[in-house]
Amino acid sequence: MSAKTNASASAAEDAESHPVAIAPAIMDPPVADLHTFADAPSDAVPEPLFSDLGLAEPIQRAIDEMGYRHPTPIQAQAIPYVLMGRDVLGVAQTGTGKTASFTLPMLEILSGSRARARMPRSLILEPTRELALQVAENFVNYGKYLKLNHALLIGGESMAEQKEVLNRGVDVLIATPGRLIDLFERGGLLLTQTRLLVIDEADRMLDMGFIPDIEKIVSMLSPLRQTLFFSATMAPEIRRLADMFLQNPKEITVSRPSSVATTIEAGLVIVEEAEKRRALRRMLRDDAVQNAIVFCNRKRDVDVLYKSLVKHGFSAGALHGDLPQSVRFSTLEKFKAGELKILVCSDVAARGIDIGGLSHVFNFDLPFHAEDYVHRIGRTGRAGRSGHAYSLATPFDRTLAAAIESLTGHPIPRLDVEGIAQMPWSEEERPRGGRGKKGKGNDHRGPAKPPAPRHKDTPPVAAPAAQASEPAPVAAAQVEAPLPRKAEPRRPQEQERPVRHRDRGPEDNGASVTGFGDDIPAFMLLPRRMFVVAPSAEDEAGEPS
DNA sequence: AAAAAAG
């Protein structure tokens, strides 16, 4: 045990995002994994070597020592352009090796000279503190043979300390926007000498309302700078920002987390609100659950669920934005190091956080925004490994589920959890405990909804014994691309799962679902899969919820 | 309606 704890420094590295998107594979011989890469039919190109990228010896040595030989696609494509001083527009998400695609060439560029007091030479903007830390770790790993220093400028931690570090001069400043602006306005730093800017996770910055801050920060920098801009998606709004911040950028897109087709097995369980925790516990007790992130929509619910899980003997931690920063970091480290098996969290960890070999993601609540579903489940099934993404819904979450399915273009197969009563979708509005909607009289939509047959009369759909044991895997490439802007070229699983999505499923199937018109989510017509978990003693004993 | 980030 102590050995494991002592290894936490290196365990942190293990769990860290790596140049090759095989986070846990640092233990494996990298070559073996790379053969898998090479075998992937879609990538028939010979693989480049890190040593071909022209990185300085100290950097190359650090890479070698970490056991990496081949850059990921984004690294192979971006690094040469960054080194030649071009602006880069990278469409990629964490898990593609994105972080090292800018940290490595930055180290190279910065290695020539030293920083001056209060004038950081480069600036990396991250949307959350955890991501900032992740990038900082990357610099530690790859910069170990260089004399460069970096500083983390984030909220929730002592400003005096950060000021002091800045005064000593930093080469790489990694910051969240709020604290950076704060310090800047207090005169704690000058950005006039900052010639290298990285805007990471731009789409998330947008979602979080950081764009005005980013614009402000960019305006503090010299126009004579190199800018690297990364986003998981390229929505029009993001494109506009890129045009604003970048000059003649080299655009690089990697659509998949790695060249290996990863799969995420998704599932949806519909239960009464009061049964959610019990259902979750059952699912968590499945032997396949190595480690899991459990997402809640609210911080309060994170706290409640976390305490409940601990009370039931689970090895769990909680993570959300209201917890002290020191706790946030240490909890995440413990989870990455395997000291905690379950991490209950808010959407603070929904994006970007890279945890190697995460076997399961659970949505204790369906997210309010369908895109968040995609981001959340993208924490698993990374780097060519299979992942599991199971969601709990109450009967009132029908529209949330429908939004997710329409976004991903894939039905979420329904799951049954043994010993838990499965529910149909409700026709009713969610009962609101007190304030909220002002009455339900906003029915200006007209009488379009016919009183269709009740869902609960629908038989539990006789299973055509199709994939009774193995649910259809969802190709991660499909799931990971949140906003399929153009028509998807192909959908491999369509032939595997012949679902009547559009053509009036109800009559065809004998099943009937209200409220969807002709556009019944196909999963509703699919057989359910049984999620079998050995009942535990406590569960049998009956318990406080 | 919620979370994140400044305090």
Side-chain angles (χ1 to χ4, degrees), chain A residues 94 123-135 152-163 173-189 199-217 220 232 273 293-306 318-325 327-329 331-332 343-353 363-376 379 393-394 396-401 403-404 429-438 440 442:
Chain A
T94 315
L123 172 63
I124 299 173
L125 296 172
E126 295 289 335
T128 68
R129 300 170 187 174
E130 277 72 14
L131 285 171
L133 183 67
Q134 214 163 260
V135 171
L152 206 52
L153 211 54
I154 60 175
E157 290 192 338
S158 154
M159 196 178 279
E161 219 170 280
Q162 294 175 353
K163 269 184 165 168
L173 188 59
I174 305 156
T176 47
R179 177 57 66 92
L180 181 80
I181 290 176
D182 196 358
L183 249 167
F184 182 86
E185 289 177 345
R186 292 165 190 245
L189 82 154
I199 300 170
D200 199 13
E201 304 271 339
D203 52 337
R204 180 147 192 218
M205 301 260 203
L206 179 71
D207 289 350
M208 289 169 66
F210 280 169
I211 297 305
D213 285 351
I214 302 297
E215 290 182 31
K216 190 170 183 176
I217 292 165
M220 301 166 183
E273 183 73 44
I293 292 186
V294 181
F295 286 103
C296 298
N297 284 352
R298 296 172 192 80
K299 289 180 279 198
R300 196 192 62 219
D301 295 337
V302 170
D303 291 330
V304 172
L305 179 60
Y306 157 69
L319 183 65
H320 62 66
D322 280 354
L323 294 168
Q325 192 54 50
V327 175
R328 284 169 64 170
F329 282 165
T331 300
L332 191 57
L343 185 65
V344 187
C345 61
S346 68
D347 279 325
V348 67
R351 302 196 203 182
I353 298 292
N363 290 307
F364 187 71
D365 304 308
L366 287 181
F368 290 122
H369 292 304
E371 313 87 66
D372 289 332
Y373 175 84
V374 178
H375 291 293
R376 286 178 178 185
R379 300 310 101 213
T394 72
F396 303 105
D397 292 332
R398 186 183 60 186
T399 50
L400 296 180
I404 290 164
E429 294 277 324
R430 176 185 294 277
R432 295 207 160 261
R435 43 88 183 258
K437 297 262 187 194
K438 25 259 164 193
K440 38 181 288 188
N442 56 345

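Only this structure's heavy atoms are used, side chains among them; waters, hydrogens and symmetry mates stay out. Numbered from 1 within each chain, the chains take letters A, B, ... in sequence-line order.
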From [atom1] of [X] over to [atom2] of [N], roughly how many Å is that when rounded to an integer?
X: Asp365(A); N: dA1(B); atom1: CG; atom2: C1'; value: 12 Å
X: Glu185(A); N: dA6(B); atom1: CD; atom2: C1'; value: 10 Å
X: Leu323(A); N: dA4(B); atom1: CG; atom2: C1'; value: 13 Å
X: Asp347(A); N: dA5(B); atom1: CG; atom2: P; value: 12 Å
X: Glu130(A); N: dA3(B); atom1: CD; atom2: C1'; value: 12 Å
X: Phe184(A); N: dA5(B); atom1: CZ; atom2: P; value: 22 Å
X: Glu126(A); N: dA5(B); atom1: CD; atom2: P; value: 12 Å
X: Met205(A); N: dA4(B); atom1: CE; atom2: P; value: 16 Å

Work out which heavy atom in Phe368(A) is nearest to a heavy atom in Leu400(A); give both atom names and the distance.
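Heavy atoms of Phe368(A) and Leu400(A) come nearest at O-CD2, 3.9 Å.
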
Of the options Leu125(A), Ile124(A), Leu189(A), which is the one that meets Leu173(A) in a side-chain contact (heavy atoms from CB on, under 4.5 Å)?
Leu189(A)

Taking the side chain of [X] as its heavy atoms from C-beta onward, which of [options] lies nearest to it?
X: Thr176(A); options: dA4(B), dA6(B), dA1(B); value: dA6(B)
X: His369(A); options: dA3(B), dA1(B), dA5(B); value: dA1(B)
X: Arg129(A); options: dA6(B), dA2(B), dA4(B); value: dA6(B)
X: Arg328(A); options: dA6(B), dA5(B), dA3(B); value: dA5(B)
X: Arg204(A); options: dA6(B), dA1(B), dA4(B); value: dA4(B)

Derivation and outcome, salt bridge (Lys or Arg N to Asp or Glu O under 4.0 Å), residues Lys299(A) and Asp303(A):
CA-CA 6 Å; Lys299(A) 289 180 279 198; Asp303(A) 291 330; over 6 Å; no

From the options Arg376(A), Arg379(A), Arg298(A), select the one residue that forms a salt bridge (charged side-chain N to carboxylate O under 4.0 Å, His left out) with Asp347(A).
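Going through the options one by one, the only one that passes is Arg376(A).
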
Does Gly156(A) reach a base, just sugar-phosphate, or nothing at all? Heavy atoms under 4.0 Å.
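Sugar-phosphate contact only.
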
Any donor and acceptor pair, going by atom type alone, linking the side chain of His369(A) with main-chain N or O of Glu371(A) inside 3.5 Å?
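A pair under 3.5 Å: no.
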
